[in-house]
Each structure stands twice: as structure tokens, then as C-alpha cells.
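What follows is a set of notes on a single structure, which appears directly below.
We name chains A, B, ... by the order of the sequence lines, and we start the count at 1 in each one.
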Amino acid sequence: MNSPTSASEALHFDRLHPLVRRWVWQQGWNELHDIQDAAIPAILDGNNDVLIGAATAAGKTEAAFLPICSKIAGQSGPGIQALYVGPLKALINDQFRRMEELCEVLEIRTHRWHGDVAGTRKQAMLRNPSGILLITPESLEAMFVLRGTHIPRLFASLQYVVIDELHSFLDTERGAQLLSQLHRLEIAVKRQIPRIGLSATLGDMSLAAAQLRPSDGDKVTILESQASGQDLRLQVRSYVDERPAAPSDTDAGEETSVRGIADHLFANLRGKTNLVFANARSRVELYAAELADRSLHAGVPNEFHAHHGNLAKELREDVEAMLKDPTKPTTAVCTTTLEMGIDIGAIAQVAQIGPPPSVASLRQRLGRSGRRNEPAILRAYCASMAVDAETPLLDRLQLPLVQTIASIELLLDRWCEPPEPAQLHLSTLIQQLLSLIAQHSGVLPLEAYRVLCGRGSPFFIVTSTQFAELLRTLGSKDVLTQSNDGTLLLGGRGEPTVNHYTFYAAFQTSEEYRLIHSGRQLGTMPIDFPLYEDLLLVFAGQRWRVTAIHEEDKVVQLTPAPGGKPPQLGVSAGLVHAEVRVRMRTLLEDDRAAAYLDLQSRTLLEQARREYATLQLDHCPIITDGADTLLLPWTGDRQLHTLAAILNETGMEATVDGAALRLIGTPRSAALTAMAKIADSPAPGPDQLARKVENKTTAKFDDWLGEDLLCDQFGSASLDCIGAVEAARLVAKASAAGSST
DNA sequence: GACCTGCTGCGGGTTG
């Protein structure tokens with residue numbers, strides 16, 4: 001790894017263009033950040049790819065663009081010289097504004113291109129392409145499809161590609177799309193173009209490098225900021241719910257913790273600008289409404305507003321404007337919408353309700369606070385169950401609280417989830433194949449395989465056999481057709497798909513209902529619960545009654561109402577990484593308590609540790625729970641699900657229950673025998689195991705894959721057979737050792 | 001499985 005060396009800073013700085021240096025002085029900067037200095041030789045010298053990892057506000061954008069602008073200044077050439085790809089339109093707008101200032105003095109032209117940019121501006125750029133282009137992957141896709149023949153001319157002078165918020169592209173269909181586009185771009189201009197990846201949240205720099213430049217990750221220059229992170233003030237607060245008297249009465253107990261958390265938020269956040277992350281849209285709505293109620297009762301202006309992806313654009317922008325306005329104290333209760341990118345000004349505190357979906361996500365959220373030399377403040381709120389004689393055994397371990405603490409500990413250790421090993425991304429391969437055909441008005445099969453799956457492409461692991469199978473399936477479904485000379489052309493279903501504007505996105509979106517109040521659209525919602533007139537619900541932080549449902553137009557009419565519950569959209573978390581579970585075990589076997597735990601959390605953790613010891617889980621991670629057996633291999637959700645699939649294949653009934661694997665109606669001895677058998681057998685093939693799994697279609701074009709390819713796809717994306725067998729070995733070994741003592 | 005991201009061309013209207 002290349003480390004920044006501050007001693008030679010003056011030398012590096014001198015290598016910048018004189019006008020760039022003047023611009024730096026004009027900003028009033030005394031010196032460059034370590035990362036900005038280190039990036040100068042790495043970017044100016046070379047033809048190397050560069051990966052820049054540094055905390056929020058460490059100046060990653062400037063680290064890339066000070067040297068890039070130095071290099072391209074005075075070479076105004078025909079064609080775009082630097083391409084910036086960002087995941088959000090709002091982020092592109094922000095970066096465009098910042099970049100314009102610097103580029104103006106250098107006489108470098110800047111263009112932004114996304115769905116909200118006027119067609120006339122796009123036309124102007126096409127007539128006279130030069131300088132820097134800021135774009136989304138979707139708009140770049142539209143360029144390939146609609147202006148395929150212009151691509152070589154537009155990018156003939158391209159010298160750099162910058163990928164902002166690189167982490168948001170890793171392990172996703174959208175990331176495979178972007179990397180395929182960049183590969184196709186390099187083929188069009190017949191040379192490799194240096195890539196510069198920027199991110200604050202990369203768990204493993206070499207794994208990220210391997211994705212930035214598929215097949216050649218070891219040649220990527222890695223620059224990681226040595227600057228110490230911001231000061232951090234932490235607190236974990238627990239609130240206890242009583243167990244409901246009857247199983248059907250699930251709301252009664254839960255309300256205690258919701259009230260307690262809302263009370264504390266209301267008392268502590270008013271008067272400043274804050275973010276509250278509530279994990280699920282339904283939780284966002286619940287807490288926003290609870291906080292608005294408290295403002296009403298206290299007779300004070302309401303400072304609490306909901307913000308999530310289903311709210312109408314105008315409502316979200318209102319909240320964003322309030323966040324940016326330093327004269328208006330505002331707390332946004334939000335999902336992941338405010339986790340990334342756009343500059344929302346100085347944030348006083350970040351609150352997290354429930355375990356964060358991942359450590360990476362927690363780091364992103366924390367990065368929103370504590371800029372401008374203020375410490376970052378994080379409060380994590382946790383709802384826990386009161387424990388009595390009736391409490392189910394698994395609930396006694398207080399796993400949500402333990403997961404919250406484990407995530408924080410890993411964050412303090414500067415760990416976050418690394419990218420997963422390569423997936424096939426066959427859905428996006430279909431999209432790229434159709435796009436390639438549109439770009440060239442037809443392509444030969446061998447050429448298609450060479451371009452899309454050759455060395456350096458994200459689909460390099462797709463075999464020629466798999467590709468041939470893909471072509472056959474697409475042909476049989478009339479997505480593709482072939483001319484007499486073998487050229488692949490768009491078929492009866494392929495043609496309208498590519499010609500519709502929704503084609504450009506690689507990711508899947510579902511159909512949703514529009515919610516309307518007196519002619520104004522409040523937002524949209526995927527409705528997967530019974531919908532009827534007079535139903536009470538909460539949306540946009542307010543309470544409503546349903547007055548009419550128009551099934552055909554997918555419209556729901558609302559009127560304000562006093563009561564109402566948030567729509568049940570599900571509250572389960574995402575996939576927990578194995579490392580988090582390992583740390584949870586460590587915490588349960590430890591006897592220390594971090595200073596940032598409040599008294600309630602400390603008490604609950606001590607209780608959980610006593611239960612852990614009583615159940616002798618340190619010796620043998622198995623619990624007998626009535627007729628069921630619970631296994632706690634302390635591994636990730638992916639591995640647990642794979643283990644469940646292996647067990648189901650042998651005729652046992654296994655499901656994932658939080659951090660545990662539940663073997664229904666299975667005695668302890670039978671569970672142990674099964675684990676020993678899995679531990680002693682070679683790991684099954686993921687594609688074979690996938691055959692037993694229903695619901696394998698998840699990505700946009702998965703419906704166009706045949707069963708064989710779908711199994712290959714699902715196996716590579718969702719199953720970890722080796723990890724599952726390792727988990728079984730751990731259980732088998734521990735139980736063998738436990739029984740001998 | 002939670003959450004999120006994005007998108008064209010054209011016709012028709014209004015405004016300067």
C-alpha cells in the first residue's frame with residue numbers, strides 16, 4: 001500500500017497547475033489533506049487506477065480533481081476528457097456546483113447529464129464535447145442505446161473516470177452495469193482509461209480494488225487517509241417493553257418503548273438540526289407522528305419531519321431545505337435516504353433506533369454529523385423485552401441490544417463489511433447484451449461474448465457455455481432473434497423493452513399506489529396489506545383515513561383523521577455479516593461493559609450474560625426449546641440461510657430465527673447428528689442447492705433466465721456453502737467437546 | 001428479506 005508522506009508535500013503541491021495552486025490559496029487552505037497530497041503523483045503520473053478511502057469531509061473530490069484538472073487544463077480537446085459517475089442526481093448537482101468554480105478559472109468546460117437536465121443542454125454538449133462530464137449510470141446507458149455510434153467520438157480524448165461513493169455500487173446490479181459500461185467505453189476508444197474510486201466506507205481496500213478494475217485489482221494504487229477520525233460521543237439507551245398478555249395483543253407492550261424513545265428524542269433534539277435513522281419506512285412514520293404529537297401537546301412549532309423514498313419529491317425537498325437552513329432547527333426522521341452524499345449542512349446529533357442494518361451503514365450515518373470541528377454525537381436506542389419465567393429462551397439473550405453494541409464496537413475498530421465475492425449478475429448481463437445490440441444495431445454472438453465477458457469486464461466469470469445457454473433462452477422467449485448471417489438482433493419482446501425509458505436502470509422497482517389528499521400527491525407506497533375504505537394510517541408524519549381506492553389507477557384518496565397506525569411494511573433487518581455475529585458472541589462471553597451504555601442497557605447486558613452462562617452456550621451453542629432445537633453458530637445470515645437450505649434438503653424443517661437456526665420438531669440428538677454429517681461431508685454445489693429454493697427471481701431480468709442459469713445466478717448471489725459447512729463444523733466440534741467434559 | 005438509486009422524446013401549454 002502506498003502511504004502518504006507529508007515530508008514531500010511541497011514537492012507534490014508544486015506539481016499542480018499554477019492556476020490550480022492559486023485556486024487552493026484562494027480557498028484559504030493552509031495545506032492539503034494527506035489524501036489530497038498523496039493523490040497528486042498517483043493521478044498525475046500514471047496510467048494507474050487509484051482507490052481513495054477517506055472519511056467524510058476529508059476532501060476526496062478535490063483529491064481527485066485537483067490533479068485531474070491540472071492535467072487536462074489547456075488541452076481542450078475535442079471530446080470529453082474526464083468522466084465523473086455519481087449514484088444520485090442531487091450529489092451530481094452538488095459536485096457540479098463545486099467543480100464549476102475551479103474549472104472556470106482553468107477554462108475547462110463542465111457538463112452535468114441526468115434525468116432532470118434539460119434536453120437543450122444535452123444537445124449543446126453533444127455538439128461541442130469537451131472538459132468534464134458528470135453523469136449517472138442510467139444516463140450513460142441511454143447514451144449507449146440512443147447514441148451508440150457517437151460514443152467513440154464523444155470519448156476519444158477521455159483520460160480519467162471518477163466513480164464517487166464507490167461503495168454504493170459494489171455487490172449490486174447497478175455496479176455491474178457501471179463496470180460493464182466502463183469496459184465497453186474502453187473497447188470503443190481502444191485503450192484502458194485510469195479509474196479513480198472514492199469512498200468513505202470500504203471494508204477491505206484490496207477487495208474493493210478488485211472490483212474497481214476486474215481481473216487487475218492488484219495493480220490499483222490504494223490511498224487510505226491516515227487522518228484520525230472525528231471525535232465521537234456515544235450513548236446506547238435501552239427501553240423495556242412488557243411482554244403482551246395475549247400473543248394477539250402485540251401492540252400493547254411495544255408502545256412503552258416507542259413512547260420512551262419518542263419522549264427522549266423530543267426532549268433532547270429540539271432546537272438543533274439532527275437526523276434520526278429508524279431503519280424502516282413504517283418506523284419512520286411512527287416516530288415522526290409521535291414527535292409531531294408531542295409538539296402539538298406542548299404547544300411548540302413542530303421541528304420533526306419524515307423523510308423516505310416513497311414520499312413525494314416536493315415533500316422531501318421541503319425537509320431537505322429546512323435541514324440546510326441554519327435558522328430553522330429541524331430533525332429529519334429518515335430511512336437510508338439521508339445516509340449518503342448530498343450536503344445537508346451541519347448536523348448536531350445522529351440517532352439510530354434499533355440495530356443498524358450494517359456497520360458500513362452506521363459509519364455512513366455517523367459521517368453526516370460532527371463536521372466543522374464539532375464532535376460527532378451518536379445515540380443508539382434499543383427496544384428490549386422484559387424477561388420473566390415465560391420469556392422464550394432466545395429472547396433472554398437480548399440479541400438486538402447485543403447486535404447494536406457489537407456494531408458500535410466494530411465501528412470503533414474501523415471495521416466494516418467487505419464486498420462479497422463476485423456474483424454472476426446475469427440479469428444485468430441481459431441488459432448489457434440488449435444495450436450492446438442497440439448500440440451497434442446488431443452484434444455477432446462471439447463478438448458479444450468477447451465484449452461483455454472478456455478480461456476486465458465484471459462478467460468475466462461467466463463461461464462461454466453459460467453465455468450460449470443465455471442466448472438460447474433469450475431466443476426461445478423472443479427477446480432476441482438472429483439474422484441469416486448469425487447477427488443477434490432485438491426480438492419481438494426485446495425491441496419494446498429497449499425502446500422504453502425504464503430500460504436504462506439495471507435495478508428492479510415494483511408497482512406502487514399513489515396516495516392523494518385534496519388533489520395533492522403525498523407520495524407512493526407498495527401496498528402488501530389489506531386495503532379498505534375508512535382504514536386509518538400514518539404517512540408523511542400525519543394521520544389519515546382512506547376515503548377511496550381506485551384499483552385500476554392505483555390511487556388511494558386520503559383525508560386527515562385523528563387516529564391511525566403506520567402501514568405495516570415489515571421491520572426485519574437486512575443480512576447481518578458473520579463478523580458482527582462473532583463479535584456478539586465475544587460480548588456475551590465478556591464481563592466488561594462499555595462506558596457508553598446507559599444503566600438500563602448495562603442491566604440488560606448483564607442479564608443476557610447470565611442467561612448465556614446458564615444455558616452453557618459458551619461450551620455448546622445449542623438450546624432445547626420445547627420440541628425444537630436452536631443452533632447458535634454465530635455466523636452471518638447468508639451462511640445461516642444456506643445451512644437451513646442444506647437441512648431442508650435432507651427432509652428436516654429448519655428456519656432462520658434471528659441469529660439462530662431453528663430445527664422444528666427436532667430433538668437435540670438428531671440436530672447434532674445432522675450437524676456432524678454436514679461437517680464430515682464436502683460442501684454441496686450452490687447451483688445444486690439452489691434447485692430446492694423457490695422464489696429465486698429477484699433482479700430485473702431474472703424472469704428471462706432459464707432454470708439452470710437462474711440456479712447459477714442464485715447460488716452465486718445468495719448462498720455460501722463453504723461458510724455453512726464451516727458453521728456446522730463449529731457446532732459439531734463444540735458439542736463433541738462439551739459432552740466430553 | 002429493509003432500504004435506496006434512476007430514466008427519453010415529444011406534444012402541448014405558457015411566458016418573455
Side-chain angles (χ1 to χ4, degrees), chain A residues 85-93 113-120 122-123 126 135-147 164-165 167-175 177-178 181 277-285 307-311 313 316 333-342 352-358 360-362 364-365 428 431 435 438 496-510 512 524-526 528 567-576 636-638 640-641 644 655-658 693-700 714 717-718:
Chain A
V85 188
L88 304 172
K89 291 186 287 191
L91 180 62
I92 286 178
N93 293 343
W113 185 310
H114 56 64
D116 296 345
V117 173
T120 48
K122 295 177 180 172
Q123 292 298 332
L126 290 171
I135 199 167
T136 60
E138 289 73 21
S139 283
L140 192 54
E141 197 67 62
M143 221 179 249
F144 273 109
V145 171
L146 300 172
R147 306 170 215 273
D164 204 358
E165 305 281 12
H167 64 274
S168 74
F169 292 109
L170 300 181
D171 296 334
T172 65
E173 299 298 330
R174 207 180 183 201
Q177 174 189 29
L178 173 57
Q181 292 170 333
F277 289 95
N279 286 2
R281 289 180 297 241
S282 60
R283 303 265 97 184
V284 164
E285 292 291 356
H307 190 286
H308 59 73
N310 286 103
L311 281 175
K313 195 174 189 295
R316 286 167 65 173
V333 187
C334 57
T335 57
T336 57
T337 40
L338 291 174
E339 201 170 89
M340 193 170 57
I342 53 171
Q352 166 69 43
I353 303 176
S358 67
S361 176
L362 184 63
Q364 281 290 133
R365 292 170 183 192
T428 301
Q431 185 216 30
S435 170
T497 302
V498 174
N499 289 334
H500 197 266
Y501 66 92
T502 52
F503 173 73
Y504 308 128
F507 51 85
Q508 174 81 292
T509 42
S510 60
E512 296 181 325
T524 62
M525 206 163 56
D528 48 6
Q568 288 301 310
L569 300 167
V571 286
S572 72
L575 292 170
V576 177
D637 279 342
R638 191 183 305 270
L640 284 179
H641 283 285
T655 80
V656 177
D657 185 352
V693 178
E694 308 286 339
N695 303 338
K696 287 189 288 276
T697 57
T698 51
K700 191 172 179 182
F714 185 84
S718 304

*Over all atoms of both residues, closest heavy-atom pair of Gln181(A) and Pro137(A)*: NE2-O, 2.9 Å
*Nearest-Å distance, CG (Asp171(A)) to P (dC4(B))?*
20 Å
*Whole angstrom is fine here: how far is it from CD in Gln364(A) over to C1' in dC4(B)?*
12 Å
*Pairing residues for Glu138(A) by the side chain to side chain donor-acceptor pair (under 3.5 Å) criterion, not counting sequence neighbours*: Arg174(A)
*Does Arg281(A) put a side-chain nitrogen or oxygen below 4.0 Å from OP1 or OP2 of dA2(B)?*
no
*Contact check, side chains of His308(A) and Glu285(A), non-hydrogen atoms, under 4.5 Å*: yes
Contacts under 3.5 Å, N or O only, protein and nucleotides 7-10 of chain B:
unit_1: dC7(B); atom_1: OP1; unit_2: Gly115(A); atom_2: N; d: 2.9
unit_1: dC7(B); atom_1: OP1; unit_2: Thr136(A); atom_2: OG1; d: 2.8
unit_1: dC7(B); atom_1: OP1; unit_2: Ser139(A); atom_2: OG; d: 2.7
unit_1: dC7(B); atom_1: OP2; unit_2: Gly115(A); atom_2: N; d: 3.0
unit_1: dC7(B); atom_1: O2; unit_2: Tyr501(A); atom_2: O; d: 2.6
unit_1: dC7(B); atom_1: O2; unit_2: Thr502(A); atom_2: N; d: 3.3
unit_1: dG9(B); atom_1: OP1; unit_2: Arg147(A); atom_2: NH2; d: 3.3

*asked:* Rounding to an integer number of Å, can you tell me how far Asn279(A) CG sits from dC4(B) P?
replied: 11 Å
*May I have the distance from His167(A) (atom NE2) to dT5(B) (atom C1'), rounded to whole angstrom?*
12 Å
*How close or far is atom P of dG6(B) from atom CD1 of Ile92(A), stated in whole angstroms?*
8 Å
*asked:* Return the NE2 to CG distance between His114(A) and Asn93(A), rounded to the nearest 0.5 Å.
replied: 3.5 Å
_Arg365(A) side-chain N/O to dC4(B) phosphate OP1/OP2 under 4.0 Å_ = no
*Partners of Lys700(A) by salt bridge (Lys or Arg N to Asp or Glu O under 4.0 Å), sequence neighbours excluded?*
none
*What heavy-atom pair brings Ile92(A) and Gly86(A) nearest, and what distance separates the two atoms?*
CD1-O, 4.1 Å
For nucleotides 13-15 of chain B, print each protein N/O atom paired with a nucleotide N/O atom at under 3.5 Å, atom names and distance only.
none

*Let me know the distance between CD of Glu339(A) and C1' of dA2(B), rounded to the nearest Å.*
11 Å
*Between dC4(B), dA2(B), dG6(B), which nucleotide gets closest to the side-chain atoms of Arg174(A)?*
dG6(B)
*Excluding sequence neighbours, so at least two apart, what forms side chain to side chain donor-acceptor pair (under 3.5 Å) with Gln431(A)?*
none
_Set of residues satisfying side chain to side chain donor-acceptor pair (under 3.5 Å) with respect to His641(A), sequence neighbours excluded_ = none
*Separation of Gln508(A) atom CD from dG1(B) atom P, in whole Å?*
13 Å
*asked:* In whole Å, I'd like the distance from the CG atom of Leu575(A) to the C1' atom of dC3(B).
replied: 12 Å
*Could you check if a side-chain atom of Pro356(A) sits within less than 4.5 angstrom of a side-chain atom of Gln364(A), using non-hydrogen atoms only?*
no
*Nearest-neighbour nucleotide for the His641(A) side chain, dG1(B), dC4(B), dT5(B) considered*: dG1(B)
